[in-house]
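Structure first, commentary second.
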Amino acid sequence: TGSTRPQRLLKAVQKNASRGDPQSVISAIDRFCHSSEWAMNVGDEKGVILDSVVCEVSPGCALELGTYCGYSTVRIGRLLPPGAKLITLEFNPDYAKVARQVIDFAGLQEKVLLVEGPSGDLIPKMKEQYGITTFDLVFLDHWKDRYLPDTKLLEECGLLRKGSILLADNVICPGTPDYLAYVRSSPRYESKYFKSHLEYTKVEDGLEKSIFLG
Ligand SMILES: O=c1[nH]cnc2c(O)c(F)c(-c3ccc(F)cc3)cc12
Ligand SMILES: [Mg+2]
């Protein structure tokens with residue numbers, strides 16, 4: 001039987017990147033997606049915006065919703081301050097299997113905890129099971145219909161504090177209209193749109209950065 005796209009992406013990392021070098025892993029995946037096969041990584045253009053937000057927040061504790069092959073996990077993980085942790089949630093076991101190998105190849109396994117399962121079930125367990133108080137940064141990049149319910153869940157579970165940053169991918173393409181309406185109209189958020197393009201294409205997309213006001 002044939003390989004899957006995530007498996008071919010992993011092969012490209014193992015072939016073209018250097019073990020323990022996160023930047024080489026990022027570059028190998030971007031090269032694969034530009035020249036070989038499109039894949040739904042946040043990509044190099046939106047990735048630069050993600051990098052700038054991670055550096056600005058310098059999170060001690062970060063959450064990623066939607067790991068896929070681990071591309072943005074590596075982008076975030078490589079910029080974390082010493083001792084900081086990133087928890088990344090992935091529902092699809094085949095994606096998780098590839099992502100673990102990409103994260104390990106980049107040498108970030110000490111900073112990153114990948115948890116398999118549905119975000120709606122895992123978020124309420126964050127405090128008791130992983131000793132989380134609050135997240136300084138949340139990167140939403142999973143399924144568009146889960147952005148709003150999972151944001152409300154994070155609020156209800158007391159996982160956000162005054163100043164916590166939510167950064168959401170794909171708010172234009174595929175689009176998350178209910179989430180956008182919520183963070184842009186709620187008095188509990190200050191929201192800003194970063195216009196960009198759908199990864200590896202000329203189609204418009206962007207990231208929405210929202211500060212939780214408490
Ligand atoms: O499901 C997704 N989860 C997370 N990120 C995505 C993404 O960045 C995409 F571009 C897309 C996407 C897929 C097909 C298209 F034609 C356009 C965008 C999907 C996701
Ligand atoms: Mg995305």
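Side chains are part of it too, since the values below use all heavy atoms of this structure and drop only hydrogens, waters and symmetry mates. Just so you know, ligand 1 is whichever comes first in the structure, and atom 1 is the first atom listed for that ligand.
Across all their heavy atoms, Lys85 and Glu110 have their closest contact at NZ-O, 2.7 Å. Nearest heavy-atom pair across Asn92 and Asp94 is OD1-N, 2.7 Å. Taking both residues in full, the closest heavy atoms of Val25 and Phe105 are given as CG2-CD2, 3.8 Å, listed atom of the first, atom of the second, then distance.
Taking only nitrogen or oxygen atoms, main chain and side chain alike, Trp143 does not reach within less than 3.5 Å of ligand 1. Taking any N or O of Glu199, backbone or side chain, at least one lies under 3.5 Å from an N or O belonging to ligand 1. Of the polar atoms of Lys46, none of the N or O atoms is found under 3.5 Å from an N or O of ligand 1, judged by distance alone.
Shown here, atom 8 (O) of ligand 1 is in close reach of the protein: a heavy atom of it lies under 4.0 Å off. Protein non-hydrogen atoms do not reach within 4.0 Å of atom 15 (C) of ligand 1.
When each atom of ligand 1 is checked for a heavy atom of His142 under 4.0 Å away, the hits are 1 (O), 2 (C), 3 (N), 4 (C). Taking a cut-off of under 4.0 Å to the non-hydrogen atoms of Asp169, the atoms of ligand 1 that pass are 8 (O). Close contacts of ligand 1 with Leu198, meaning ligand atoms under 4.0 Å from a residue heavy atom, involve 10 (F), 18 (C). Those atoms of ligand 1 that come under 4.0 Å of a heavy atom in Pro174, given as number and element, are 11 (C), 12 (C), 18 (C), 19 (C).
Counting only heavy atoms from C-beta outward, the side chains of Asn41 and Lys46 never approach each other to under 4.5 Å. In this structure, the side chains of Asp141 and Asn170 come closer than 4.5 Å at one or more pairs of heavy atoms. Under the 4.5 Å side-chain criterion, counting only non-hydrogen atoms from C-beta, Leu140 is in contact with Tyr179. With a 4.5 Å cut-off on side-chain heavy atoms, Asp205 and Ser196 do not count as touching. No side-chain heavy atom of Ile172 sits less than 4.5 Å from a side-chain heavy atom of Val203.
Contacts between Val42 and ligand 1, counted as non-hydrogen atom pairs separated by less than 4.0 Å, are absent for every part of the residue. Both the backbone and the side chain of Asp141 come within contact range of ligand 1, each with a heavy atom under 4.0 Å. Neither the backbone nor the side chain of Asp205 has a heavy atom within less than 4.0 Å of ligand 1.
Here the protein heavy atom with the shortest distance to atom 20 (C) of ligand 1 is Met40 SD, 3.5 Å. The shortest contact between atom 17 (C) of ligand 1 and any protein heavy atom is with Cys173 SG, 3.9 Å. Of the protein's heavy atoms, Asn170 OD1, 3.2 Å lies nearest to atom 6 (C) of ligand 1.
The backbone N or O of Arg161 sits less than 3.5 Å from a side-chain atom of Ser164, completing a donor-acceptor pair.
With a 6.0 Å cutoff to the six-membered ring centre and a 45° limit on the axis angle, Lys152 counts as a cation-pi contact of Tyr182.
Side chains of Asp44 and Tyr200: no donor on one and acceptor on the other come within 3.5 Å.
A parallel orientation is assigned to the rings of His142 and Tyr147, their planes being inclined by less than 30° (bins at 30° and 60°).
Within the structure, the closest approach of Trp38 to ligand 1 falls below 4.0 Å when heavy atoms are considered. At a 4.0 Å cut-off, not a single heavy atom of Gly66 sits close enough to ligand 1 to count as contact.
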Derivation and outcome, salt bridge (charged side-chain N to carboxylate O under 4.0 Å, His left out), residues Asp178 and Lys144: CA-CA 9 Å; Asp178 60 345; Lys144 56 190 175 23; over 6 Å; no
Stepwise salt bridge (charged side-chain N to carboxylate O under 4.0 Å, His left out) check, Glu116 with Arg100: CA-CA 11 Å; Glu116 270 182 62; Arg100 289 189 199 289; 3.2 Å; yes
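Shown here are the protein N/O/S atoms lying under 2.8 Å from the Mg ion (ligand 2), water excluded: Asp141 OD1, Asp169 OD2, Asn170 OD1.
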